[in-house]
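The structure appears below as structure tokens.
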Amino acid sequence: MATVTPFSALIYDVLVLGGGVSGSVAALAAARAGAKVLLVEEQGFLGGSLTAMGVGPMMSFHNPNGRQVVLGIADELIERLKVRGASPGHIADTTTYCSTVTPFDSEEMKIELEAMLEEAGVDVLYHTQLAAVAVEGDRVSEVTLCNKAGLTHARARVFVDATGDADLAARAGEEFVFGRDGSGAQPMTMNLKLANVDTAAIRDYARRHPEDFLWHPHGPEEGVRRLAVSPRISLAGFLRAWREAKERGEVDVPRDHVLFFETAVEGVVIVNTSRVIGLDATNPLDLSRAERIGRRQCRQIFQFLRDHAPGFAKAVRMDAAPKIGVRETRHIVGHYTLTGDDVVEAKPFDDAIALGGYPIDIHSPAGDTTLTRYLKADAAYEIPLRCLIPKRRENLVVVGRAISATHEASAALRVSPIAMAIGQAGGVAAAEAAARQTPVARVPFAVIRER
């Protein structure tokens, strides 16, 4: 029988489980609101999808017309990265899928998040996973954590689930829906980073052969115009060569195009093309299998680019991401469930705590296509606080992609800028509930909104 080590009995106002960008921002917001905060992360660094899963760039802080709708701590982070030369800031998206993208240096991202949390007095515990959750009545009383010290008990007045998979909420007995009403979730992707890419050659090829790329929703004329002004490229294409390579059996990735994004460093690109379908990222065996499939797909993709894609002939493979990218697993059932129509129609809410301008972007759970529902030109949808608050445990808040939303709505709000905005609100709500010693749902919304 396992025993609790002397490293036990951690006590905090707010405990945040998950150090991705949503969890990191939640911890920072809670600490700035006066709470004593512990942030627990399974990796040895912060940033989640942007660092452990190799996702980049961030997209998008803006709505389709280019109006910035995500600000707050998320934008503060970008400004700090710009000062360090680790991001060019918000630049034109040359795929035209969004108005802007925000490239960044992933290593500097890790360091800057740590600096911000240290400045706010947040305690950070790395290499630690959730082992168990204890519940007393309507409250989460403590969590058991597992790390090099063995099993550790940690208590808090309020807990924030920033795991992305609603691990804490599910183990606390909260109701949830998996993926698309239980019938499948968006596929996983192993991101691949390459250096020594000749982006000038790619720009030239795209200008001469716009038919070989996707330019949704604005078309090739707008895409070529943006290529001429944006300091970094983002493209979806090599359609003909990719199709022919699949016909020859050189690649078996269930994706209909190659998608890649230049990072903050010129000539270094992230290839977001692999697609692992039909597996459950909350199932350890499935997740392990997905990692193996993703790495094999990345080998195929790299070879394809070297052999057939202009600008990639001398590319150098830097790495596949340390962890496969997960778009979707569990969605909690909260006091309100955001829908796709809410997003597209930009439904207003009295308790809105975040805005989003990213479209509904559904990678098929079972095939090679991607379904998009675009927003109206100057639209920005609202995310209500009720989506962050589960029904059963009064001292629990959920932030990031696992909030109460349908499969369709989640496909819009799952991206990192919006996840950070949600995290900021969740952290403030948790800190206020801890200070007032009241259920999260009973904290006056005006107080949360003001902070």
Side-chain angles (χ1 to χ4, degrees), residues 50 54-70 78 81-82 86-106 189 191-242 255-273 301 304-305 308-313 315 357-361 363 370 372 374-375 377 412 415-418:
L50 300 183
V55 175
M58 297 182 232
M59 52 195 308
S60 175
F61 283 74
H62 297 72
N63 77 345
N65 259 5
R67 175 167 60 93
Q68 187 164 353
V69 297
V70 177
I78 301 306
L81 290 173
K82 286 168 61 178
S87 174
H90 311 305
I91 62 175
D93 176 16
T94 58
T95 70
T96 80
Y97 193 79
C98 296
S99 58
T100 68
V101 295
T102 310
F104 59 92
D105 182 294
S106 59
T189 288
N191 287 299
L192 175 67
K193 186 178 287 186
L194 304 177
N196 201 38
V197 176
D198 186 347
T199 55
I202 297 172
R203 287 177 190 265
D204 180 64
Y205 178 79
R207 282 192 293 264
R208 289 186 293 108
H209 298 282
E211 75 283 353
D212 208 21
F213 295 87
L214 301 176
W215 310 95
H216 302 313
H218 295 295
E221 184 176 344
E222 173 64 10
V224 171
R225 185 195 70 78
R226 292 187 188 186
L227 272 177
V229 298
S230 182
R232 297 292 184 270
I233 60 172
S234 305
L235 287 168
F238 299 129
L239 302 176
R240 179 183 57 80
W242 182 251
R255 188 79 180 265
D256 58 2
H257 64 272
V258 176
L259 177 65
F260 60 95
F261 304 92
E262 195 171 9
T263 69
V265 179
E266 189 173 358
V268 176
V269 304
I270 293 170
V271 185
N272 181 334
T273 298
I301 294 163
F304 164 81
L305 291 169
H308 304 296
F312 285 89
Y358 188 72
I360 292 175
D361 171 24
H363 296 243
T370 301
T372 301
Y374 293 104
L375 309 179
V415 294
S416 52
I418 303 170

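Numbers here are sequence positions counted from 1. All of these numbers come straight from a predicted model, not from anything done at the bench.
For F312, the ring-ring contact (aromatic ring centres under 6.0 Å, His included) test picks out F260, with sequence neighbours left out. Annotation: salt bridge (Lys or Arg N to Asp or Glu O under 4.0 Å) contacts of E266 (sequence neighbours excluded): none. In terms of the ring-ring contact (aromatic ring centres under 6.0 Å, His included) criterion, F104 has no residue partners (sequence neighbours excluded). Partners of D204 under the salt bridge (Lys or Arg N to Asp or Glu O under 4.0 Å) rule, at least two apart in sequence or in another chain, are R208.
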Determine, step by step, whether L81 and D105 satisfy the side-chain contact (heavy atoms from CB on, under 4.5 Å) criterion, reporting the C-alpha distance in whole Å, the side-chain angles of both residues, the deciding distance to 0.1 Å, and the verdict. CA-CA 8 Å; L81 290 173; D105 182 294; over 6 Å; no
For this session: Go through the steps to decide whether R255 and H363 satisfy the test side-chain contact (heavy atoms from CB on, under 4.5 Å), and finish with yes or no.
Result: CA-CA 9 Å; R255 188 79 180 265; H363 296 243; 3.6 Å; yes
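Checked against P417 for a side chain to side chain contact (heavy atoms under 4.5 Å, CB included), the options Q68, M59, M58, H90 give a single hit: M58. Evaluated for a side chain to side chain contact (heavy atoms under 4.5 Å, CB included) with K193, the options V268, V271, V269 yield exactly one hit, V268.
Using a 4.5 Å heavy-atom threshold, the side chains of V55 and L50 count as touching. Under the 4.5 Å side-chain criterion, counting only non-hydrogen atoms from C-beta, F238 is in contact with F213. Contact annotation: the side chain of W242 approaches that of I301 to within less than 4.5 Å [non-hydrogen atoms, C-beta and beyond]. Looking at heavy atoms from C-beta onward, Y97 lies out of side-chain contact with S60 at the 4.5 angstrom threshold. Side-chain atoms of P210 and W215, non-hydrogen and from C-beta on, do get closer than 4.5 Å to each other. Considering only heavy atoms from C-beta on, L375 stays 4.5 Å or farther from N63 through its side chain. Side-chain contact between P217 and T96 is present, with at least one heavy-atom pair separated by less than 4.5 Å.
Going from atom CD1 of I91 over to atom OG1 of T100 covers 8.5 Å, rounded to the nearest 0.5 Å. Between the CG atom in L305 and the CG atom in L192 there is a gap of 7.5 Å [rounded to 0.5 Å].
In terms of heavy atoms, V197 sits closest to A315 at CG2-CB, 4.1 Å. Closest heavy-atom contact between Y358 and I418: CB-CD1, 4.0 Å. Residues L227 and A206 approach most closely at CD1-CB, 3.7 Å, considering heavy atoms. Nearest approach of G56 to F261, heavy atoms of both residues: O-CD1, 3.4 Å. Taking each heavy atom of A236 and L259 in turn, the nearest pair found is CB-CD1, 3.8 Å. Here the closest non-hydrogen pair linking A201 and G311 is CB-CA, 4.1 Å.
Panel note: side chain S87, backbone P103; a donor-acceptor pair is recorded below 3.5 Å. Using modelled atom types, no side-chain atom of T372 and backbone atom of D361 make a donor-acceptor pair closer than 3.5 Å. Remark: side-chain polar atoms of D212 are not paired, donor with acceptor, to backbone N or O of G237 under 3.5 angstrom.
Residue pairs meeting the ring-ring contact (aromatic ring centres under 6.0 Å, His included) criterion with at least one partner in residues 217-237, sequence neighbours excluded, are absent. Note on residues 223-232: pairs passing side-chain hydrogen bond (donor to acceptor under 3.5 Å, both in side chains), not counting sequence neighbours, are E222-R225, E222-R226.
Counting only N and O atoms by type, the side chains of H62 and S99 include no donor and acceptor under 3.5 Å apart. In summary, the side chains of T95 and S234 do not present any donor paired with an acceptor at a separation below 3.5 Å, with no hydrogens or angles considered.
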